[in-house]
Protein chains: 2
Amino acid sequence: MSTALKSKKNKISQNSIARLSLYLRELNLCELEHKKFISSSELARATNLTDSQVRKDLSLFGNFGVSGSGYAVGKLRAEVKTILGKDKPIDVILVGVGNLGLALLSYLDFQREGIRIRTAFDVDERKVGRAISNVQIRNIAEVENYIKKEKMKIAILAIPSHSAQQVTDTLVKAGIKCILNFAPKVLKTANGTLIRNVDLSREFDFFTYFIRQNNNA
Amino acid sequence: MSTALKSKKNKISQNSIARLSLYLRELNLCELEHKKFISSSELARATNLTDSQVRKDLSLFGNFGVSGSGYAVGKLRAEVKTILGKDKPIDVILVGVGNLGLALLSYLDFQREGIRIRTAFDVDERKVGRAISNVQIRNIAEVENYIKKEKMKIAILAIPSHSAQQVTDTLVKAGIKCILNFAPKVLKTANGTLIRNVDLSREFDFFTYFIRQNNNA
DNA sequence: AATTGTGAAATTGTTCACAGCA
DNA sequence: TGCTGTGAACAATTTCACAATT
């Protein structure tokens, strides 16, 4: 196995994965520019991190570097892609076709990253049956069957808070393992489900706190 | 000063602020239900955290609790609102009125949270002059003057990666201190600027890694 | 009796610094 | 010589556990 985890007790954190994802983005740029090697400090500069952080992260997954030269772009890129599971397209469903859902349906970066919104669901009968950016909108009542039949594992949740928990329960029961949640609501699920929250209003709380701090400083 | 920082060397991390923001959301619900007191363990349950975490976080900012009873909802809510700077409306500008920018202009949760998009900017002449959800779209060329004149401190950046760094430089030069960045790009700024990234494609990297892990487990 | 606030302990994450390799 | 990989040092964060308080 080429991306064999080294048998040490170093823990792979979600932060390491987040950073790998940044490294991959930089490696993609290097590939475009036909750059053959990149050092940990170059990777660090591109990602606003430190060189030792880069080396630690990469060393969790293997010995990818070449002493004296750095990392071979092509090889490292392939390894990181495999680690992150980006060597194949990623199939997801979208639940909720409001303003945000609509925007996500035409979000070009998803295609670029191999993320395919296979179908969408909504409660609004006027939307059901239509297609946006070639994605069919179905009745939410069909979501459970669809997930089971198509073995979907990932869902984007872009619905109002008040129904978020109930819909989550349905999705998880049907087999969804990962949810990207846009509702401003803490979702409860059993272990074995991964939830990532995109909580736009909350982001501004950092800002207002930060600005107030600096004004009083 | 009611929210006086206690003079201890305990550090207030961005994570504490993120959690305060969750507590506030729960406190808002309590207020609606006319609940008078809430304990650290109730707050913990609502936010998927631990009771000691809740107490530690709150104790960074003051002694808000009452031994034996918990926290007075009304008082704590007011304190946390002040800490987070949510006692006044928050004025922001939007840069980039593509699909995502459009969705943000009609995102109702912003209004609910007191976040006001004061105006928007785009390069596309066909959009300039129009108004969406009562927000005027202006030519990007005017952004620097607008920021200076209106003393804007917070910007939402919803433009393509390739121009993200250049536009960021302009915004920061004009006086912007906080940027909510939707471009899949690591932005470089001098210290004193706070950048928060909403990186939608990257969220899926967690998912595919997680799914692969569980399949091999 | 119940619950806070908080030092101390445990855990997790980051940086340092350098041996070893190409 | 230049750069990786990594143990050890350091720093930050979380959890524990209990005295103090109402």
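The basis for the numbers below is simple: all heavy atoms, side chains too, and nothing from hydrogens, waters or symmetry mates. Proteins come first, then strands; the chains are lettered A, B, ... in the order of their sequence lines, and each starts at number 1.
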Check your understanding: Contact class for A:Ser40 vs. all strands (heavy atom < 4.0 Å): base, sugar-phosphate, or nothing?
Key -> sugar-phosphate
N/O-N/O pairs, protein side and nucleotides 19-22 of chain D side, under 3.5 Å:
{"from": "D:dT21", "atom 1": "O2", "to": "B:Ser67", "atom 2": "OG", "distance (Å)": "3.3"}

Atom CZ of A:Arg55 and atom P of C:dC21 are separated, to the nearest Å, by 16 Å
Sorted by chain and number, sequence neighbours left out, side-chain contact (heavy atoms from CB on, under 4.5 Å) with B:Lys86 holds for A:Asp205, B:Leu24, B:Lys81, B:Leu84, B:Glu113
Rounded to whole Å, the CG-P distance (A:Asp51 to D:dC3) equals 10 Å
For this session: Answer yes or no: is there an ion pair linking A:Asp169 with A:Lys173, defined by an N-O contact shorter than 4.0 Å?
Result: no
Sorted by chain and number, sequence neighbours left out, ring pair (Phe, Tyr, Trp, His ring centres under 6.0 Å) with A:Phe210 holds for none
Atom CZ of A:Phe61 and atom C1' of D:dG5 are separated, to the nearest Å, by 15 Å
Geometric cation-pi criterion, A:Arg196 with B:Phe207: 6.0 Å, 45°:
no
Between CG of B:Asn48 and P of D:dT14 the distance, given in whole Å, is 15 Å
So the side-chain hydrogen bond (donor to acceptor under 3.5 Å, both in side chains) pairs with at least one residue in residues 22-34 of chain B (sequence neighbours excluded) are A:Asp199-B:Arg25, B:Tyr23-B:Asp57, B:Asn28-B:Arg77
Contacts satisfying ring pair (Phe, Tyr, Trp, His ring centres under 6.0 Å) that involve residues 77-120 of chain A (not counting sequence neighbours) are A:Tyr107-A:Phe110, A:Phe110-B:Phe204
Side-chain atoms of residues 152-160 of chain B: list all donor-acceptor pairs with protein atoms under 3.5 Å, sequence neighbours left out, distances to 0.1 Å.
none

Separation of C:dT4 atom C1' from B:Leu43 atom CG, nearest Å, is 13 Å
Whole-Å distance, A:Asn63 CG to D:dG7 P, equals 11 Å
side-chain hydrogen bond (donor to acceptor under 3.5 Å, both in side chains) pairs touching residues 181-190 of chain B, sequence neighbours excluded, are B:Asn181-B:Asn197
Heteroatom pairs (N/O) under 3.5 angstrom, protein to nucleotides 12-14 of chain C:
{"from": "C:dT14", "atom 1": "OP1", "to": "A:Arg19", "atom 2": "NH1", "distance (Å)": "3.4"}
{"from": "C:dT14", "atom 1": "OP2", "to": "A:Arg19", "atom 2": "NH2", "distance (Å)": "3.3"}

The correct set of residues in residues 30-39 of chain B placing a heavy atom under 4.0 Å from DNA chain D is none
Sequence neighbours excluded, the answer for side-chain contact (heavy atoms from CB on, under 4.5 Å) partners of B:Glu42 is B:Lys35, B:Ile38, B:Ser39, B:Arg45
Residues pairing under ring pair (Phe, Tyr, Trp, His ring centres under 6.0 Å) where one sits in residues 171-195 of chain B, two or more places apart or in two chains, turn out to be none
In whole angstroms, the gap separating P of C:dA2 from OH of B:Tyr71 amounts to 18 Å
B:Leu58 CG to C:dG5 P, in whole Å, measures 8 Å
Testing D:dT15, C:dC16, C:dG5 for proximity to the side chain of B:Ser59, the answer is C:dG5
Here the side-chain hydrogen bond (donor to acceptor under 3.5 Å, both in side chains) pairs for residues 88-105 of chain A, sequence neighbours left out, are A:Asp91-A:Arg116, A:Asp91-A:Arg118
